[in-house]
Amino acid sequence: MDLNVIGLAEKVAIKDKTVKYRKEINAINGIFNKECDDERRGLLSLFRAVVCIEFNISLGMMSHPRMEYGSEYLDAVAEEAQKYYGDLDLSSLFNDVALLSEDTKDDILKDPAAYKQNLIHKLGTTTNIRAVSL
Amino acid sequence: MNLKHLSKNQLNPITIREANLKDLLHWQNHVQKYDKNDSSKNWNWPRFAAFEGVMAKTLKQDPKFLTIESNSIPIGMMMVANNFEANVARSVKEKLTYIWYLSGADKEYLDNKGLIKSSFDISIGKALIDVAMVESMKAGNQGKILLHADPKDKTDFLLSYYEGQRLSKITTEHISSISTTRANDGRFFHATKSRAEEILFSNRLSIGQDPKELYQSKSIPIKGKER
């Protein structure tokens, strides 16, 4: 792989975005692990999916032509981000998004921030979910 | 690269290769429209690449789209994730190959292309599962695979189909959750290392291919012509 596919400035940006993503997921997981209600756990999984989609959008998914599946650029960005995941359960995180219905994907992609706010509203103020933000 | 694979009928040899975006677009525009299965008829393969494919890459799931062709005509399409971790046989997570999407061409499409389904001595679905097991071996997952029978299949055809392919259903009594966020709904099927080896061995015996060739080296040997 061409080591110059992504520049130093981009690498720094990817690191920042990934570290923020990791912190946000860890915060959600902290709330998730203490939650006993199945419906609320479902909403938290959905919240985690939205955060994952936001993270990927911030990396250029679905907007940057160079992030097309199969591109060297996507591979380079992915490889760079993977350095900073720590001990995140990546398969579970992928599960969250891969299981979304097409309608839900469309709704999230229309306005991820608004979708997130709606979830925060549904989860209520009894959790620390408002403190979690990218 | 081509893998000469799974066809006793020499008039319809099949090849397997990694699919690119052009292949996914072709499948979507020319093959998908014939799909009558409730679980897959509304699938959007280019979107799978743009959404799930990209995220699977960034989340280190090692995704691949694989296509089966006969006489350069696509007859099967699949998306796998070679770096998936799940609880399948015990409470410890195992790395395996997860088959996210799997689709064989409809009979009407095959007939239109002059490929009569009955001329395939092995079903396209069986061939795709075999390909996934070989891919699992190549990825260092020892042939282990996991898939989920889509609940949109109201007839439960998929449940009996996968059992017929000798995949093991993961019982809810045994495993309650596949991962921290995904409960076992009783529709997950997997193949262990030994079961995958049995199935691959048996498939090759049935088509007259030497099964020992699967184990000649650490990587699966490639047969047939290079593309």
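Numbered from 1 within each chain, the chains take letters A, B, ... in sequence-line order. Note that the structure is predicted; figures quoted are calculated from it, not measured.
Among A:Leu59, A:Thr18, A:Leu88, A:Asn95, the residue with the largest count of heavy-atom pairs under 4.5 Å with chain B is A:Asn95. Comparing A:Leu74, A:Asn29, A:Leu93 by how many heavy-atom pairs each has under 4.5 Å with chain B, the most go to A:Leu74. Your options are B:Lys93, B:Gln61, B:His148, and the one with the most heavy-atom pairs under 4.5 Å with chain A is B:Gln61.
Heavy atoms of A:Tyr85 lying under 4.5 Å from chain B belong exclusively to its side chain. Looking at B:Pro63, both its backbone and its side chain come within 4.5 Å of chain A, counting heavy atoms on both sides. In this structure, chain B has heavy atoms under 4.5 Å from both the backbone and the side chain of A:Glu102. The contact between B:Leu21 and chain A is made entirely by side chain atoms (from C-beta outward), counting heavy-atom distances below 4.5 Å. With a 4.5 angstrom heavy-atom cutoff, A:Val77 does not touch chain B via any of its atoms.
For the atom pair CZ of A:Phe55 and CG of B:Leu59, the computed distance is 7.0 Å after rounding to the nearest 0.5 Å. Annotation: the span from A:Ser101 atom OG to B:Asn42 atom CG amounts to 12.0 Å, rounded to 0.5 Å.
Around NZ of A:Lys122, the count of heavy atoms belonging to other residues, nucleotides or ligands within 6.0 Å does not exceed 12. The number of heavy atoms from other shown groups lying within 6.0 Å of NZ (B:Lys22) does not exceed 12. Residue-environment remark: CG (A:Asp87) stays at or below the threshold of 12 foreign heavy atoms within 6.0 Å.
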Are B:Arg182 and A:Asp96 close enough, and set up right, to give a salt bridge (Lys or Arg N to Asp or Glu O under 4.0 Å), and what steps lead you there?
-> CA-CA 8 Å; B:Arg182 196 162 179 197; A:Asp96 288 340; over 6 Å; no
Should A:Ser91 and B:Ser179 be marked as a side chain to side chain contact (heavy atoms under 4.5 Å, CB included) after you check the CA-CA gap, both sets of side-chain angles, and the distance that decides it?
-> CA-CA 8 Å; A:Ser91 293; B:Ser179 70; over 6 Å; no
Taking it one step at a time, do B:Tyr98 and A:Phe94 satisfy side chain to side chain contact (heavy atoms under 4.5 Å, CB included)?
-> CA-CA 12 Å; B:Tyr98 191 108; A:Phe94 183 66; over 6 Å; no
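For A:Tyr69 and B:Phe65, the gap between ring centers is short of 6.0 Å.
With sequence neighbours excluded, the residues satisfying side chain to side chain contact (heavy atoms under 4.5 Å, CB included) with B:Gln142 are B:Lys144, B:Lys193. Residues that satisfy the side chain to side chain contact (heavy atoms under 4.5 Å, CB included) test with B:Phe157, not counting sequence neighbours, are B:Asp153, B:Thr155, B:Tyr161.
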What side-chain donor-acceptor pairs closer than 3.5 Å can you find for residues 77-85 of chain B, not counting sequence neighbours?
residue	atom	partner	partner atom	Å
B:Asn82	OD1	B:Thr97	OG1	2.7
B:Asn82	ND2	B:Glu135	OE2	2.9
B:Asn83	ND2	B:Lys60	O	2.7

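Of residues 50-58 of chain B, those residues with a non-hydrogen atom less than 4.5 Å from any non-hydrogen atom of chain A are, in numerical order, B:Ala50, B:Phe51, B:Glu52, B:Gly53, B:Val54, B:Met55, B:Ala56, B:Lys57, B:Thr58.
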